[in-house]
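Residue indices begin at 1 and follow the sequence shown.
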Amino acid sequence: MILSYLSVFLFFLLIALVYYRLALRFDIVDRPNSRSSHTKVTVRGGGILIPVAALLWWMAYDFQNTWMILGMMWIAAISMLDDMFDISRLLRFGIQFLALSFAFWDLNLFSQIDWYLLPVFYFFGLGVINAINFMDGINGITGLYSLVFFGSLLAVNEYLPIFPEQLLSYQILALLVFFIFNLRKRALMFAGDIGSISLAYLMIYLLTKWYLIDHNPIIVLFLLVYGIDIFFTIFRRLIKGEKVTEPHRTHLYQYLVNQVKIDHVIIALVYAILQLLINFGLFIYNGEYPNLTIAWAIMIALSLIYLALKKRIREKYHLN
């Protein structure tokens, strides 16, 4: 097994090295602007390893969950094109909707819930996909957060064996290779839309699969740390009359990097460790679902800490 995973890791490393050279040759790069949190030209689209890992798993393990894989290929393709060219939001949204439909069909969702609940699943799915894409702004944050997500699901699998273990393992190996190029002070590659959106797609698929087993919405706490930053940032921008789809630097992690001048990797580690502690304390340690009162207390406490910290930074650095 170890040799098998080592071979997969080396295969992903080869893919990453080849892509890095091709991206430089064909100018698939991210050039910093006034809203960027980096200052150097960096290869974009290193997250191509994520759909490659899913495709390799599909081929190696009897071509299972084909509809989900088809959805991932669609969403990865449009995201890769968006990394290279300027694709219209309507087209991207349409492909994301189609990909989610494939994922839901794979899970037999349409026959397991009432029809009037479908818009909730689509709204949540599309929201998470684009929200996680918005959070992909500093070195390591998407990769580390995703590593915590997939690693935590492996732990949950010990008492609720519903997730494809090899798929999770392949994604973890792909992320470890990606870290070689991204988890550093001066990143060589960014995940790009293809990475962050493909990861978000898998997260939605796996969380929906989990929900259909026990119908317990508390599992969304697996995305709590990101969720708090995204929710309060979007809420404040809506109050100010700003377009939430436009690039900005008003997430807490962006304040900490750009104003407070804390290193990218440290902030990414803090976000990932916080989520890991939540996952471990609520879902893994006792091998069961958390007490609802405790879950609410953690959500409220973390929200209050977040709001207080962000308010202090805005006041100190005179931010609107």
Side-chain angles (χ1 to χ4, degrees), residues 9 12-13 15-17 19-20 23 28-32 35-53 79 83 128-129 131-153 168 170-200 202-203 222-230 233 247-280 306 309:
F9 177 87
F12 291 156
L13 182 58
I15 294 293
L17 290 169
Y19 176 78
Y20 181 76
I28 309 174
V29 297
D30 191 273
R31 291 182 169 80
R35 297 187 182 274
S36 301
S37 296
H38 61 285
T39 58
K40 304 289 185 180
V41 173
T42 308
V43 166
R44 181 192 298 176
I48 194 174
L49 292 170
I50 302 307
V52 167
S79 300
D83 282 329
V128 169
I129 285 172
I132 289 178
N133 189 34
F134 291 155
M135 290 292 289
D136 183 33
I138 60 173
N139 303 350
I141 193 166
T142 294
L144 285 171
Y145 200 82
S146 300
L147 180 65
V148 167
F149 181 89
F150 294 125
S152 297
L153 285 189
L168 297 175
Y170 275 32
Q171 291 301 321
I172 288 172
L173 290 172
L175 288 169
L176 292 177
V177 170
F178 178 64
F179 288 154
I180 297 173
F181 299 86
N182 181 258
L183 192 60
R184 49 205 295 168
K185 187 176 183 65
R186 163 73 172 92
L188 298 177
M189 284 200 298
F190 294 146
D193 285 358
I194 188 175
S196 59
I197 290 179
S198 295
L199 285 166
L202 265 181
M203 290 177 182
F222 254 62
L223 300 175
L224 179 61
V225 176
Y226 261 25
I228 287 174
D229 199 348
I230 292 163
T233 300
H248 61 93
R249 297 206 298 181
T250 58
H251 285 292
L252 176 59
Y253 78 84
Q254 292 170 318
Y255 282 172
L256 293 171
V257 167
N258 298 314
Q259 275 72 39
V260 186
K261 303 300 181 185
I262 301 177
D263 185 79
H264 288 215
V265 175
I266 293 175
I267 299 303
L269 281 169
V270 169
Y271 270 64
I273 291 171
L274 273 176
Q275 187 64 63
L276 178 61
L277 291 174
I278 291 167
N279 294 354
F280 181 80
Y306 170 89
L309 181 57

**OP:** Looking only at non-hydrogen atoms, find the nearest pair between Phe12 and Val52 and report the distance.
**Re:** CE2-CG1, 4.2 Å
**OP:** Determine the minimum heavy-atom distance between Ala131 and Ile230, stating which atoms define it.
**Re:** CB-CD1, 3.4 Å
Original post:
Are the side chain of Arg44 and the backbone N or O of Gly192 linked by a donor-acceptor pair below 3.5 Å?
Top reply: no
**OP:** Just jot down the side chain to side chain contact (heavy atoms under 4.5 Å, CB included) partners of Ile262, sequence neighbours excluded, or say none.
**Re:** Leu256, Val260, Ile266, Ile267
**OP:** Under the ring pair (Phe, Tyr, Trp, His ring centres under 6.0 Å) rule, collect the residues that match up with Tyr306, sequence neighbours excluded.
**Re:** Phe232
Original post:
What pairs with Phe222 under ring pair (Phe, Tyr, Trp, His ring centres under 6.0 Å), at least two apart in sequence or on another chain?
Top reply: Phe149, Trp210, Phe283
Subject >> Atom pair OG1/CG of Thr233 and Leu252 - distance to nearest 0.5 Å >> reply: 7.5 Å
Subject >> Residue list, ring pair (Phe, Tyr, Trp, His ring centres under 6.0 Å) with Phe280, at least two apart or on another chain >> reply: Tyr285
Original post:
If you round to the nearest 0.5 Å, how far is CG of Asp83 from CD1 of Ile28?
Top reply: 8.5 Å
Original post:
Among all residues two or more places apart in sequence or in another chain, which pass the side-chain hydrogen bond (donor to acceptor under 3.5 Å, both in side chains) test with Tyr271?
Top reply: Asp229
Original post:
In Å, rounded to the nearest 0.5 Å, how long is the span from CG of Leu49 to CD1 of Ile194?
Top reply: 9.0 Å
Original post:
Sequence neighbours excluded, which residues qualify as side chain to side chain contact (heavy atoms under 4.5 Å, CB included) partners of Val265?
Top reply: Leu183, Asp263, Leu269
Subject >> Residues which pass side-chain hydrogen bond (donor to acceptor under 3.5 Å, both in side chains) with Asp193, listed by chain and number, not counting sequence neighbours >> reply: Asn133
Just list the side-chain donor-acceptor pairs under 3.5 Å for residues 170-179, sequence neighbours left out, or say none.
from	atom 1	to	atom 2	distance (Å)
Gln171	NE2	Ile50	O	3.2

Original post:
Would you find a donor on one side and an acceptor on the other, under 3.5 Å apart, between the side chain of Gln254 and the backbone of His248?
Top reply: yes
Subject >> Nearest non-hydrogen partners of Asn182 and Gly140, listed with the distance >> reply: OD1-N, 2.7 Å
**OP:** Among residues two or more places apart or on two chains, list those pairs meeting side chain to side chain donor-acceptor pair (under 3.5 Å) that have a residue in residues 142-152.
**Re:** Asp136-Thr142, Tyr145-Gln275, Ser152-Asn279
Original post:
With distance as the sole test, does Tyr255 use its side chain to make a donor-acceptor pair with the main-chain N or O of Leu309 at under 3.5 Å?
Top reply: no
Original post:
Which pairs with one or both residues in residues 266-275 pass salt bridge (charged side-chain N to carboxylate O under 4.0 Å, His left out), sequence neighbours excluded?
Top reply: none
Subject >> Residues in side chain to side chain contact (heavy atoms under 4.5 Å, CB included) contact with Phe134, at least two apart in sequence or another chain >> reply: His251
